[in-house]
Amino acid sequence: MYDRPSLTELLDAVRVHLEHQVVPAVKPDPRLYFHTLVAINLLKIAERELQYRDAHLQTAWQRLNDLEANEKALPSDAQEALDTLALRSDRLCQDIRAGVYDAEARRRALFKHLLLSTREQLEVASPRFLQTVQQEETGN
Amino acid sequence: MTDTLEDFRQRLSDYLTEASGTPATITQAAPLAGGASRDMWLIETNVGGEALKLVLRRDLPTTMLDDALSREQEFRLMQAAYDAGIRVARPRWLCMDISILGAPFFLMDYVDGIGIGRKVVQMPELAEARAALPAQMAAQLAKIHQLDYAAHDLNFLFAPADGLTPVQEVIAQAHAVLEALNVKHPAFEFALRWAEQNAPPSERTTLIHGDFRIGNLLVNAQGLAAVADWEFAHIGDPLEELGYCCMRDWRFGMGHLRLGGIGDREPFLHAYEQFAGVRVDRKAVDYWEFLGNVRWGIICLAQANRHLSGRDPSVELASLGRRSAEMQYEMLRLIEQMGI
């Protein structure tokens, strides 16, 4: 549909430009330098999100199915799938608040879902943080 | 609100001449690097023949959080802390007249020291300071928590609402922020419910600094030179503060050293017990470290919203939205350690 560069390649081109051309040029201005590094990091997050999003959508959906003991099919349209997942997440919040997950077995099942969801968030947002904490845990 | 530097210096020297009652000249005025919510200047001045090195702290139109202290309140609190013998820069002059520099400001003595957490944790030449810091931090915290805030005129300090314990107040605020952001977030929802159901009792309600971590201390070769950044001070459970300075986000790559990346937690807590003359429930400190992560994780979302709403466009604020997951992971890990 679109000519290259692809979406991933566009982001990559901008990031490499920032890293190689802009960063050295703004080094004398500490604030601008810092903000440029932050911007590069955000592009990396965006690149990882493109890479992982479909897989994470599938696993999050499946975990909610397991938690709620049903077998809803993941909508084939990507936007619809994301919107529906957000709705299921809102519903989960209501259930937590209503005490649906207070009993121990359900609470533990919920906890597992939340921990895995947070790990997936970190795989996109901050893989180095995740790796450091996990290394520390296995080191103990 | 920033005029030319020449204007700034002129207005400031006029102000100092009047405030001090002796001729004052500004020999140097330079902005200091600070966080997103601060406007700070290093001022070198001659007041009545005495050379003074000062720091000017000025209100900004946008504050980081709505419950942060104004410069006037911060000045009065620092004055009380200074009088109580707490290591804090000596506050000198407070100016509420916005016609001088466009916003209220105050001047305090300059304290030589490093206020960047990462450097304090990592610089080889600060090894001795790091060894001294845990006991010094404990001593200052004990003094802060003992300050008789009722005896000073500090009733502007935020305190738990009537009928709420300090824990309940923090939880209520967290829910309120999520609601204001219109964020429905299962991990925070669960953490806040767990927090409600596992809250330890609060034995003391005291003044707390509210943002006591390595990056808000000025550190020199001997260790703690001054406690800075008092704008989040409030009335609460002092154990909140002991848990807060142990949060992972302030460890700067030294994750195994729970006290701010510089030391183990136990010697610090033990020193605090000696200075404060109280026994500290370790499990309650675990709990407050957990709740600190919940709170900071939610504030990250609120900070990102300042950017997203168009109120305060900033790539740095935007990035905090995705940083929140780090605090979420930490809060879940701490729940797991304490017992799901």
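Chain A is the first sequence line, chain B the second, and so forth, proteins listed ahead of strands; every chain is numbered from 1.
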* Could you tell me whether A:Glu136 and B:Arg248 make a salt bridge, using a distance below 4.0 angstrom between a side-chain N and a carboxylate O? => yes
Most heavy-atom pairs under 4.5 Å with chain B, out of A:Gln121, A:His113, A:Glu104, belong to A:Gln121
Among B:Glu336, B:Glu196, B:Glu330, the residue with the most heavy-atom pairs under 4.5 Å to chain A is B:Glu336
Rounded to the nearest 0.5 Å, the CD atom of B:Gln337 sits from the CD atom of A:Glu137 at a distance of 7.5 Å
Correct closest heavy-atom pair for B:Glu189 and A:Cys93 would be CG-O, 3.6 Å
Whatever's closer than 4.5 Å to a heavy atom in chain B on A:Phe34 counts as side chain
For B:Arg282, I'd like to know if atom CZ has over 12 heavy atoms of other residues, nucleotides or ligands within 6.0 Å.
yes
Smallest heavy-atom separation, B:Ala325 atom then A:Thr118 atom, equals O-CG2, 3.6 Å
With a 6.0 Å cut-off (strictly less than), is the heavy-atom count around OH of A:Tyr33, excluding the residue itself, greater than 12? no
The interface call for A:Ser89 against chain B, heavy-atom contacts under 4.5 Å, is both
### Audit row: B:Gln328, A:Leu114, side-chain contact (heavy atoms from CB on, under 4.5 Å) steps and yes/no
CA-CA 9 Å; B:Gln328 293 165 37; A:Leu114 298 174; over 6 Å; no
Whatever's closer than 4.5 Å to a heavy atom in chain B on A:Glu120 counts as neither
Nearest heavy-atom approach of A:Ile96 to B:Arg193 is O-CD, 3.1 Å
Between B:Val315 and A:His35 the two heavy atoms that sit nearest each other are CG1-O, 3.6 Å
Applying a strict 4.5 Å limit to non-hydrogen atoms, the region of A:Ile45 in contact with chain B is side chain
In this structure, CD of A:Gln134 is separated from CZ of B:Arg333 (nearest 0.5 Å) by 9.5 Å
Rounded to the nearest 0.5 angstrom, the CE-OG1 distance for B:Met254 and A:Thr132 is 12.5 Å
Q) Taking it one step at a time, do B:Tyr329 and A:Phe129 satisfy side-chain contact (heavy atoms from CB on, under 4.5 Å)? A) CA-CA 10 Å; B:Tyr329 195 59; A:Phe129 172 91; 4.1 Å; yes
Counting heavy-atom pairs under 4.5 angstrom with chain B, the leader among A:Leu92, A:Asp90, A:Asn41 is A:Asp90
Practice item. Could you tell me whether a side-chain N or O of A:Arg108 sits under 3.5 Å from a main-chain N or O of B:Ile340, the two making a donor and an acceptor? Key: no
